[in-house]
Amino acid sequence: MLEPDYLVCLECDTPTYVFEWSGGVVLEASCPACGNDDPSLFCTEDELEEMSAGTDEEADEDDVE
């Protein structure tokens with residue numbers, strides 16, 4: 001996977017350009033808005049879209065009942 005231009009903080013949904021990326025994983029990152037620096041709480045835009053798609057599907061299932 002190529003290095004992304006930015007990551008999204010999962011704490012506050014703010015993009016950050018201050019991160020270290022290696023082998024397809026976030027090694028270090030820092031959110032300028034909330035100060036989050038836990039690499040596991042950042043994702044790429046594509047990963048965020050995948051997570052949102054899963055949430056939308058679950059919401060659609062709940063509407064069926």
Side-chain angles (χ1 to χ4, degrees):
M1 172 183 254
L2 296 174
E3 180 174 317
D5 292 330
Y6 65 93
L7 298 175
V8 179
C9 173
L10 297 176
E11 289 288 305
C12 67
D13 294 326
T14 300
T16 183
Y17 299 88
V18 181
F19 64 92
E20 293 212 20
W21 180 270
S22 179
V25 287
V26 181
L27 298 178
E28 292 182 32
S30 179
C31 179
C34 72
N36 174 26
D37 63 358
D38 182 348
S40 68
L41 295 177
F42 289 88
C43 67
T44 65
E45 184 179 18
D46 291 340
E47 291 169 334
L48 185 62
E49 287 176 8
E50 288 174 14
M51 284 188 272
S52 296
T55 303
D56 291 342
E57 289 173 9
E58 290 173 9
D60 290 343
E61 290 175 8
D62 291 342
D63 291 342
V64 173
E65 294 177 28

Review point. What's the shortest heavy-atom distance between W21 and T44, and which atoms?
Key: CH2-CG2, 3.7 Å
Point to revise | Shortest non-hydrogen contact from L7 toward P4 | key: CD2-CG, 3.7 Å
Practice item. Any side chain to side chain donor-acceptor pair (under 3.5 Å) involving residues 25-36? Give me the pairs, sequence neighbours left out, ordered by first then second residue. Key: none
Practice item. Decide yes or no for E11 and C31: does some side-chain heavy atom of the first lie under 4.5 Å from some side-chain heavy atom of the second? Key: no
Check your understanding: Can you list the other members of the hydrophobic cluster that holds L41, where links are side-chain heavy atoms under 4.5 angstrom apart?
Key -> none
Review point. Nearest heavy-atom pair of C9 and C34: which atoms, and what distance?
Key: SG-SG, 3.7 Å
Point to revise | Side-chain heavy atoms of V8 within contact of T14, under 4.5 Å | key: no
Exercise for review: Check whether any side-chain heavy atom of F42 sits under 4.5 Å from a side-chain heavy atom of L10, and report yes or no.
Suggested key: no
Practice item. Could I get the full list of side-chain hydrogen bond (donor to acceptor under 3.5 Å, both in side chains) partners for Y6, not counting sequence neighbours? Key: E45
Practice item. List for me each residue that meets side-chain hydrogen bond (donor to acceptor under 3.5 Å, both in side chains) alongside D38, sequence neighbours excluded, and say none if there are none. Key: S40
